Structures are given as structure tokens and as C-alpha cells.
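Just so it is clear: chains get the letters A, B, ... in the order the sequence lines come, proteins before strands, and each one is counted from 1. Only a predicted model underlies this, so the values are computations on that prediction, with no experimental measurement involved.
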Amino acid sequence: MRGAATRFAGNPPYWNGPQLSGNWDVIRYYTAEHIRFTLIALALGVLFAFPIAYLSHRRPVLYPPILAMTNVVYAIPSLALFALLGPFLGYTNDKPIIVAMALYTLVILVRNIVEGLRAVPRNVTDAATGLGYGRLRQFAGVELPLAIPTIIAGMRLAAVSTISLITVGGAIGKGALGRMFADGIDRGIDVELTSGVIAVVLLALVADALLLTAGWLLTPWTRARTA
Amino acid sequence: MIQLDRVTKQFPDGTVAVDELSLELPTGEVLALLGTSGSGKTTTLRMINRLIEPTRGTISIDGRDVRSLDVHELRRGIGYVIQQAGLFPHRTVIDNVTTVPRLLGWDRRRSRSRAMELLELFGLDDSMSDRYPAQLSGGQQQRVGVARALAADPPVLLMDEPFGAVDPIVRAQLQVEFARLQRELGKTVVFVTHDVDEAITVGTQIAVLRTGGVLAQIGTPKDVLAHPTDLFVADFMGADRQVKLLGLLPASAVNQRRLADLPSDWEVVLDGAGRPTGWCRRGAPVTTEVITPVRPGATARAVLEAALASESGAAIHVDDHGVATGVSTLDDLSLASIEAAA
Ligand SMILES: Nc1ncnc2c1ncn2[C@@H]1O[C@H](COP(=O)(O)OP(=O)(O)OP(=O)(O)O)[C@@H](O)[C@H]1O
Ligand SMILES: [Mg+2]
């Protein structure tokens, strides 16, 4: 059996006793780590998704193979993907799990960005081109803003699924709040396990609400219809 | 001046949308590009601002080949209006209108004051400037679309069925409004439509295209209505093209007879001031009826309508004070006699 010492490599706080009190620092620590993983993974995902989506949008023949590729990546079980990334990114650091999560987000983000761009009415893009917009300026100033509702929908899904998937890393000692699941099960501490689950659910809810709000703030025109 | 010289567009799938089209549109004129669906009107228009590149032939504006200019600068110098306006849904009315000025790098204040000026010109009051397009009626959206095209004061305006998506009443309003504005602005305009009446209202020239993008005829609305080159054009202009032509001619071109010279036994009944109040048969008792006289500035078509509406088959002309000046019968409305006079 793997001991607590290997699982808690470095000096993360350690869950003491069967109760909650005195263990808040453990929850805080892993929640912070979970947020960090999620933010970096999402940021990376978005960073990759945009150029890939832009390319798929401009060259529609590339879209089906690109989608197929993101689907295949998504189909790789997470533990297998961590293992695959190990040789490139190392085994003991946080990079494999973060990069794996970023890769998983692509399946949602690329699709949603492309669909959002495709849904921009033809006469709107025609008008923009006809009035003299340059390509990138039109993309950034007209097409992208109009795709925001669909993109945000994708980001909400990506955020929630990332927050939940990260916990799988608990099995290899890299799961942020997932490590509380693993440790709670290993040592039979129900409260640690439950606390971890609650924290994950709360994080997912907060992330979803934040993105929803961001989308709301970014798209005032969608609310103007009945005003 | 816009010139098309033997312009042909064949799409990659082999469709020939425009075939050896040559035409010349002098500065300040409005060319109504008329034709059935699929006759290449949109393709022709979009070749002018290079949204589509011609397969062969050249297009020039004021003597300069459009291909010799930077494509973005070319487009910023040409107003473009499309069906359903194509407004940017995520931008307010004022931000829509300032699009081209901002692309051209005008400062914010200048762009905004120009936009406000245009909105006023189009009868859109201040309170609308901060609305989003979805908060406007179809007619208002079209007006904003035209205002946006005119924002940087381009000398050339391309309009693709700009009033196609609104109801007939609003549409007629927009046409009249546009014709009035155009008289002030003096832009060189290519206006695509498949509505003959619209072409007649807005166009100083009409080009009729047939399927396959072949030019069937080009000329003034009067020319095309009065002398269609073939059956296709005659059919396209409509069975009522003579009536339409009357709408373009002034009432003063119709022969007027003196009141006493009516070739029937009808007489005009006048009040003490010489204003017509009705008709009666010579010798019969006077009964007063509602009549619609032809006022100064009316069209020959108003004469026709007045003649058809009156019991006697004749129309009464009046001056600015409503005093009867003469009568015209249906015979006086024959096109040959009007054309001879006009
Ligand atoms: N991108 C394209 N590829 C192939 N064929 C095209 C393309 N665009 C237009 N066409 C064809 O070219 C012809 C002319 O089309 P165009 O849109 O210019 O017609 P139009 O006169 O504007 O018709 P409408 O009144 O319906 O708008 C049509 O037969 C059309 O199907
Ligand atoms: Mg068309």
C-alpha cells in the first residue's frame, strides 16, 4: 500500500483524525491547487482552441478531421493519457495532469467556437467585408463577439468537466481535491472524502456561475430584444 | 462614373452568372439593376466592390480599374447596403453607423457627430442611437443600414435589394425618401431590385438583365417603358407599362381642352369662384358629385385616374387655387399624343 508520505510528497497539510475540525487547512490547500490546475488547463485549452477553431472555420475541409482528432483524444482514458504524457512532461510534477485536462477541453471548446462562428448570419459578415473590414479585424470585432454565447456555453461545460476530471489524478497522487478522495478511502476517513466531494461540487457551481455572469456582462445585446 | 467593360463571371461550378456585361453609369446617376431571380444582379454588384472577382473584363470607377486599388480602401470608399440591412447585432445604432469612419481612423467625436447628423437626416431620433438593431422595426433597420453606408460620405453607393424585407407601405416610403435624399446627395448609385416600380421610382437609368446575366436593355425609365427592345423586356416591365410610363410624365404633357370644348354632352359645373363641383349633362338639372381634379405638378397618371373616375370620362385640371383651367379626355391620354408633346 502506498503510504501517506509518498502521496503527500512535498509538504502539503495532512488530515488528522476522523473529524473536520482542525483540517480546514487541508481543504483550503487542495481547493487552491484545484483552482490553479483548472485555471491553467482552461487557459491552455482556450489558447489552443482558438487558432484551431479559426483554422477550421476558414478551411471547412479541415473541420471534420480536426473534430475527429479531438474526439480521439477525449476517448483516451485519463490515467492512460497521464502515462502517455509522462515521457514528455515528467512523472513527478503537475504538468501531465494539467496538459491532459487542457487536451480534453479541446473537444468541447473547438466545437463550440466553430459552431458559434458558423452561426454568425451571412449578411452580417457580408456587410462587414463589404464595408472594408480586414480579415482579422472582422474576426475579432464582428464574428467573435457574436459567437460569445456559444463559446461561453462551451467554456462552462469545459470548466465543470475539468473540475470533475482532475480528481481522477488522485489515483496517481496528482488530483488536487481528488487526493482527499484517495486518502479518505485509503485511511477510511469518511469526513475527508465527503469534504473533498463537497468542495469539488461547490467549485464547479462557482465556476459555472462566474462564467455565466461573464457571458451575461459580455453580451448586453442579447437582452435588448424585449426592452 | 462607373464603367463595366465586357465583364463576365463564371463560378467554379461552371455557372455563368454575368455574361459580357458592358455599361456606363455617369456620376450622380442611379442605375436600377433589374432582372429575375438568378439573373446576376447581386453578382454584378459584388464585383464592383470586389466581394467577387470577375473572370474576365474590367470594372473601373472614375477611370481607375478597381483591381488597381487596395481592396479594403476600395470598399471603405463605397457605401454598401444589403437586404435586411445586415446590421451588426452586437453594436448599437450609433456604433453601427460609425463603422466605416472608425475603419478609416476618424476620431470618436467626428465619427459620432457625423453619425448623429445622418440619423437625423433619416428621421431617427436621438433616443434610438443607443438601441441595438433588434430593438428597431424593419424599416428603421433599413434606414440605419443606409445611414451606415453613407457615414464616410462615399461617392459611390451599392444597394442590394435594400428595401426588400419590409412591408409594401414602408417600402414605398423608403423609396420616396431615398429618391429625395439622392437628389440632395448626388451619389453614384447601383441599386439592385426585382421590383419594376421600385426601379422606376429610384432609377435615373434602368438596366434589365436576363437569365445568364445578359444585358437586355439599358436606358432611362421612360425609354425602357416606352420602347422595350424586345418581348422579354416588355413582359418584364409589365402589361401595365403604359400606365407606369404615364406616372413618369407630367400632367402638363397631356393635351388640355377648353371647358367648353368637351366632345360630349357633358358640362363641368363650377361654383362662383370657378372651382369645379361636378358634372351634368347639357340641359339636365345640376347634381353635385365628388370629383378629384388634377392639380398642378401631378403626373399624367393622375389625369388617367381622374378621367376613369369621372362620370363623363374626362379629367378636370385646376390651378393652385382650385380654379378649373381645362379638361382632358381619355383620347388625350394616348401615349403617342403625350410623347409628341413631352
Ligand atoms: N458562389 C456561387 N457559386 C456558384 N453559382 C453561384 C454563386 N453565386 C451565385 N451563383 C449563381 O449565379 C447566378 C446569379 O446569381 P445572383 O445572386 O447574382 O442572382 P440575382 O440576380 O442577384 O438573384 P436574386 O434576385 O435571386 O437575388 C445564379 O444562377 C446563382 O445560382
Ligand atoms: Mg441577389
Side-chain angles (χ1 to χ4, degrees), chain A residues 50 53-54 57-62 112-155 211-227, chain B residues 42 45-52 69-93 95-105 130-136 141 144-146 148-152 154 157-162 164-165:
Chain A
F50 269 104
Y54 181 81
H57 182 56
R58 277 267 173 265
R59 302 257 172 276
V61 284
L62 296 179
N112 277 56
I113 297 171
V114 173
E115 296 305 328
L117 292 172
R118 286 190 170 184
V120 176
R122 177 67 198 270
N123 66 344
V124 171
T125 53
D126 255 12
T129 313
L131 290 170
Y133 267 95
R135 214 165 236 203
L136 274 177
R137 200 158 168 186
Q138 178 173 326
F139 181 72
V142 178
E143 297 174 39
L144 206 51
L146 290 175
I148 286 176
T150 320
I151 295 175
I152 291 283
M155 287 183 63
L211 283 165
L212 188 69
T213 312
W216 193 85
L217 291 173
L218 286 170
T219 58
W221 67 90
T222 57
R223 301 188 293 282
R225 218 125 297 182
T226 50
Chain B
T42 296
L45 195 78
R46 289 162 67 93
M47 286 193 288
I48 298 174
N49 66 2
R50 290 180 59 190
L51 287 173
I52 296 176
L69 305 166
D70 172 75
V71 70
H72 299 122
E73 309 228 324
L74 172 81
R75 290 175 185 155
R76 289 168 198 171
I78 296 177
Y80 185 48
V81 190
I82 56 180
Q83 195 166 352
Q84 290 165 333
L87 297 180
F88 302 130
H90 62 304
R91 298 213 180 125
T92 57
V93 166
D95 288 339
N96 264 282
V97 177
T98 56
T99 301
V100 180
R102 276 182 293 118
L103 286 172
L104 289 170
D130 289 325
R131 292 203 196 165
Y132 288 101
Q135 295 167 296
L136 301 180
Q141 290 185 23
V144 175
V146 180
R148 179 176 68 177
L150 289 171
L157 201 55
L158 305 178
M159 308 176 85
D160 195 348
E161 305 202 29

Query raised in the report: For B:R46, is it the side chain, the backbone, both, or neither that has a heavy atom closer than 4.5 Å to a heavy atom of chain A?
Result: side chain

Report summary line: A:L131 and B:F88 have their tightest heavy-atom pair at CD1-CZ, 4.4 Å

Query raised in the report: Heavy-atom distance under 4.5 Å to chain A: side chain of B:Q83, backbone, both or neither?
Result: backbone

Requested in this report: Work out which heavy atom in B:Y80 is nearest to a heavy atom in A:G130; give both atom names and the distance.
Outcome: CD2-CA, 3.6 Å

Report task. Of all the heavy-atom pairs spanning B:Y132 and A:P220, show the shortest one and how long it is. Result -> OH-CG, 3.4 Å

Requested in this report: Give, as side chain, backbone, both or neither, the part of B:L104 having an atom under 4.5 angstrom from any heavy atom of chain A.
Outcome: neither

Query - Atom group of B:L51 that falls short of 4.5 Å from chain A, counting heavy atoms - result: side chain

Report summary line: In short, B:G86 meets A:A127 closest at the heavy-atom pair O-CB, 3.4 Å

Requested in this report: Pick one of side chain, backbone, both or neither for B:R91, based on which atoms fall under 4.5 Å of a heavy atom in chain A.
Outcome: side chain

Requested in this report: Identify which of B:L87, B:N49, B:I82, B:V81 forms the greatest number of heavy-atom pairs closer than 4.5 Å to chain A.
Outcome: B:I82

Query raised in the report: Using a heavy-atom distance cut-off of less than 4.5 Å, which residues of residues 146-155 of chain A contact chain B?
Result: A:L146

**Report entry** Contacts of A:E115 that satisfy side-chain contact (heavy atoms from CB on, under 4.5 Å) - sequence neighbours left out
**Finding:** A:Y63, A:R111, A:R118

Query - Atom pair OG1 (A:T129) and NE2 (B:H72), whose distance is rounded to the nearest 0.5 Å - result: 8.0 Å

Query - OH-CZ distance between A:Y133 and B:R102, expressed to the nearest 0.5 angstrom - result: 5.5 Å

Requested in this report: Under the side chain to side chain contact (heavy atoms under 4.5 Å, CB included) rule, what do B:H90 and A:T222 come out as? Steps first, then yes or no, please.
Outcome: CA-CA 8 Å; B:H90 62 304; A:T222 57; over 6 Å; no

